[in-house]
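Accompanying notes for the structure given below.
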Amino acid sequence: MSVSFLHTADLHLGSQLKTQHQRSSQSSDVLDSAVYTAVERLFDLALEEEVDFVIVAGDLYDEDSRSVKANSFLSEQFERLAEEDIPAYVSYGNHDPVGSATTYVDLPDNVHEFDHEEPEEFLYPDSDAPEARIWGQSYRDRHESRSMYRRFTPEDSRIPNVGVLHTGLNPDGRRYVPVSRSKLEGKDDIHYWALGHIHSPRLFTNAQPVAYPGIPQGRQITEQGLGGGYLVEIESGGIADIEFVPTSPVVWKTVDVDVSDTEVSSIPDIQRVVESTVDDLAAPTDLFDDSDVSVRDPEWGIDGYICRWRLTGNGPAHETLSRDEESLDELTRRLRQQLMSRRTFVWTEAVRDATGPPIPSIEDLRGDDPVIDEFLALVDGLDKEAKREAFGDVVGIAWEAVEDHEEQQPDQLPLTPDRLDSLVERAETRVFEELAIRRAE
């Protein structure tokens, strides 16, 4: 015997994409409705696949934004499930805690809301002939220091047991249900952990899956890539088959553009190089390394991209961009005006200059200058981990390792491993450039 369900979280209804955009009949409607479109697609998916039930693991609303529109929309989606006798099991997270809830429209009877005072068990489809147990607990307040999971105590393992938590998987954090991944994996009687709170899809598979579906629609440049939800089929023995289905109509993306060509020097030149990369835009589908999760190619397509262009390379474009601080503003204006008219529109969120002055290649200078050779030998002699350790503590107080996206302060720049690697690489390049320029003088 097996059951199938849709696992989603972090709908954040009531929020908007955090970008300023010129109003056009195409882009304006898509951008303004993107969050709702993505969530509606999730419910479409549940109905098309005829799942047994739906799980929503917290943050249905954004910042307590149980507006009439958001509340009514969600009620309508759950009503669609009710018409097909599909129950939904809902927990509330740090953005929509029960203690501060305002309900404008009641949710239908097929919605089972987890209590905020005690862990609660629901039996699917009923207690007379249960085929699955779903355990969960909602947030009482904005911050939740209770571990919760300890009291998820299924009666037995003869049917699939699913645990629902809204947590950052930080055992030392006191704000968002402190627990470690190993503690969840250590509860053998829970066969699948349906988590929420982290906005990128993540899946840890050991004895049983510990899964974040991520946010259905990214709303800012830190929420890049495809958003969606999981289709899960789990057998009574706890063996799960998991498929990720994208739902986001708009995809945020950072794109590196090499403008080092000697023929690229003016603003129009740079614009043409950026525009030449647009046809190659695609949302990455390799979301789950070393796992058996498949990523579906859904029937609906991507309506648009919101891009941050990062200009790279050493060439004459660097002088153009660094000579006048308004050059990036002008380039941004041109790209916004030109690319928004495409069928799959492209909105320029920002342009970042990471170019450098024209210099000879490393290989051309290697062996000709003892100082440059010594520097290159030092760089080549450090592996990635050694570089992280050497430079991690000296990057500056503005850069902090932020374990949880909710903990980030406005003046903090979260220091992820990838960002640290990028900083180290840019520092190495900058030193090499300076050495090469001084050698040429």
Side-chain angles (χ1 to χ4, degrees), residues 15-38 41 215 217-227 246-285 297-298 300-358 422 426:
S15 61
Q16 292 287 323
L17 275 61
K18 297 179 181 177
T19 181
Q20 299 294 322
H21 56 90
Q22 296 168 335
R23 296 281 166 175
S24 69
S25 58
Q26 176 196 15
S27 65
S28 179
D29 291 344
V30 171
L31 291 169
D32 288 346
S33 63
V35 171
Y36 289 92
T37 300
R41 287 176 175 180
I215 192 168
Q217 170 61 60
R219 300 158 303 154
Q220 55 193 346
I221 194 64
T222 57
E223 297 170 351
Q224 298 193 33
L226 291 169
T247 59
S248 47
V250 178
V251 171
W252 296 75
K253 193 173 178 66
T254 297
V255 183
D256 285 351
V257 180
D258 186 349
V259 293
S260 61
D261 193 293
T262 56
E263 299 299 318
V264 177
S265 59
S266 68
I267 296 295
D269 291 339
I270 300 170
Q271 178 184 347
R272 283 191 288 270
V273 174
V274 173
E275 290 176 355
S276 71
T277 70
V278 169
D279 289 334
D280 296 327
L281 285 177
T285 57
D297 186 10
W300 49 74
I302 294 171
D303 295 321
Y305 291 89
I306 302 177
C307 293
R308 175 175 292 184
W309 308 104
R310 183 174 177 267
L311 307 179
T312 65
N314 296 84
H318 173 73
E319 183 178 356
T320 299
L321 295 170
S322 59
R323 183 188 304 125
D324 188 336
E325 62 183 18
E326 294 182 355
S327 58
L328 285 179
D329 292 338
E330 173 61 15
L331 179 58
T332 300
R333 185 192 66 79
R334 286 168 169 262
L335 290 171
R336 287 178 175 174
Q337 186 176 50
Q338 185 67 25
L339 298 178
M340 284 298 284
S341 61
R342 296 173 60 91
R343 181 173 181 179
T344 301
F345 69 81
V346 178
W347 172 252
T348 295
E349 182 263 352
V351 180
R352 295 287 186 263
D353 178 19
T355 62
S422 176
R426 289 165 62 184

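In this structure, OG in Ser265 is found 10.5 Å from CG in Leu321, a value given to the nearest 0.5 Å. Here the straight-line distance linking atom CD1 of Ile302 with atom CZ of Phe345 works out to 10.5 Å at 0.5 Å rounding. Atom CD1 in Ile306 sits 9.0 Å away from atom CH2 in Trp347 (nearest 0.5 Å). The CZ atom of Arg310 lies 11.0 Å from the CZ atom of Arg352; values are rounded to the nearest 0.5 Å. How far CG of Asp261 is from CG of Asn314: 13.0 Å, rounded to the nearest 0.5 Å. For the atom pair Arg334 CZ and Leu339 CG, the distance stands at 12.5 Å (nearest 0.5 Å).
Looking at Gln337, its side chain never comes within 3.5 Å of a backbone N or O of Arg333 through a donor-acceptor pair. A donor-acceptor pair under 3.5 Å links the side-chain atoms of Arg336 to the main chain of Thr348, judged by distance alone. Between the Ser33 side chain and the Tyr36 main chain, no donor and acceptor come within less than 3.5 Å of each other. Checking side-chain atoms of Gln224 against main-chain N and O of Ile221 turns up a donor-acceptor pair under 3.5 Å. The backbone N or O of Pro284 lies less than 3.5 Å from no partner atom in the side chain of Lys253, so there is not a single donor-acceptor pair. Side chain of Ser248 to backbone of Gly227: a donor-acceptor contact under 3.5 angstrom is found.
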Assess the residue pair Arg342 and Asp279 against the criterion (side-chain contact (heavy atoms from CB on, under 4.5 Å)); give the C-alpha distance rounded to whole Å, side-chain angles, the decisive distance to 0.1 Å, and a yes or no.
CA-CA 10 Å; Arg342 296 173 60 91; Asp279 289 334; 2.7 Å; yes
Output, in order, the C-alpha distance, side-chain angles, deciding distance and verdict of side chain to side chain donor-acceptor pair (under 3.5 Å) for Thr37 and Gln217.
CA-CA 9 Å; Thr37 300; Gln217 170 61 60; over 6 Å; no
Worked verdict on Leu311 versus Leu331 for side-chain contact (heavy atoms from CB on, under 4.5 Å):
CA-CA 11 Å; Leu311 307 179; Leu331 179 58; 3.9 Å; yes
Can you list the steps and then say if Val346 with Leu335 is a side-chain contact (heavy atoms from CB on, under 4.5 Å)?
CA-CA 9 Å; Val346 178; Leu335 290 171; over 6 Å; no
side-chain contact (heavy atoms from CB on, under 4.5 Å) between Ile270 and Val257, worked out
CA-CA 9 Å; Ile270 300 170; Val257 180; over 6 Å; no
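Closest non-hydrogen pair, Ser260 versus Asp258, comes out as OG-OD1, 2.7 Å. When every heavy atom of Pro316 is checked against every heavy atom of Pro358, the shortest pair comes out as N-CG, 3.8 Å. Considering every non-hydrogen atom in both Gly218 and Leu17, the closest pair reads O-CG, 3.9 Å.
No side-chain heavy atom of Val35 sits less than 4.5 Å from a side-chain heavy atom of Gln16. A 4.5 Å side-chain heavy-atom check between Thr247 and Trp300 finds at least one atom pair inside the cut-off. No side-chain heavy atom of Thr320 sits less than 4.5 Å from a side-chain heavy atom of Ser266. By the 4.5 Å heavy-atom criterion applied to side chains, Thr332 and Trp309 are not counted as neighbours. For the pair Val278 and Tyr305, the minimum side-chain heavy-atom distance is 4.5 Å or more.
Counted within 6.0 Å of CD on Glu330, heavy atoms from surrounding residues, nucleotides or ligands total more than 12; the atom is thus considered enclosed.
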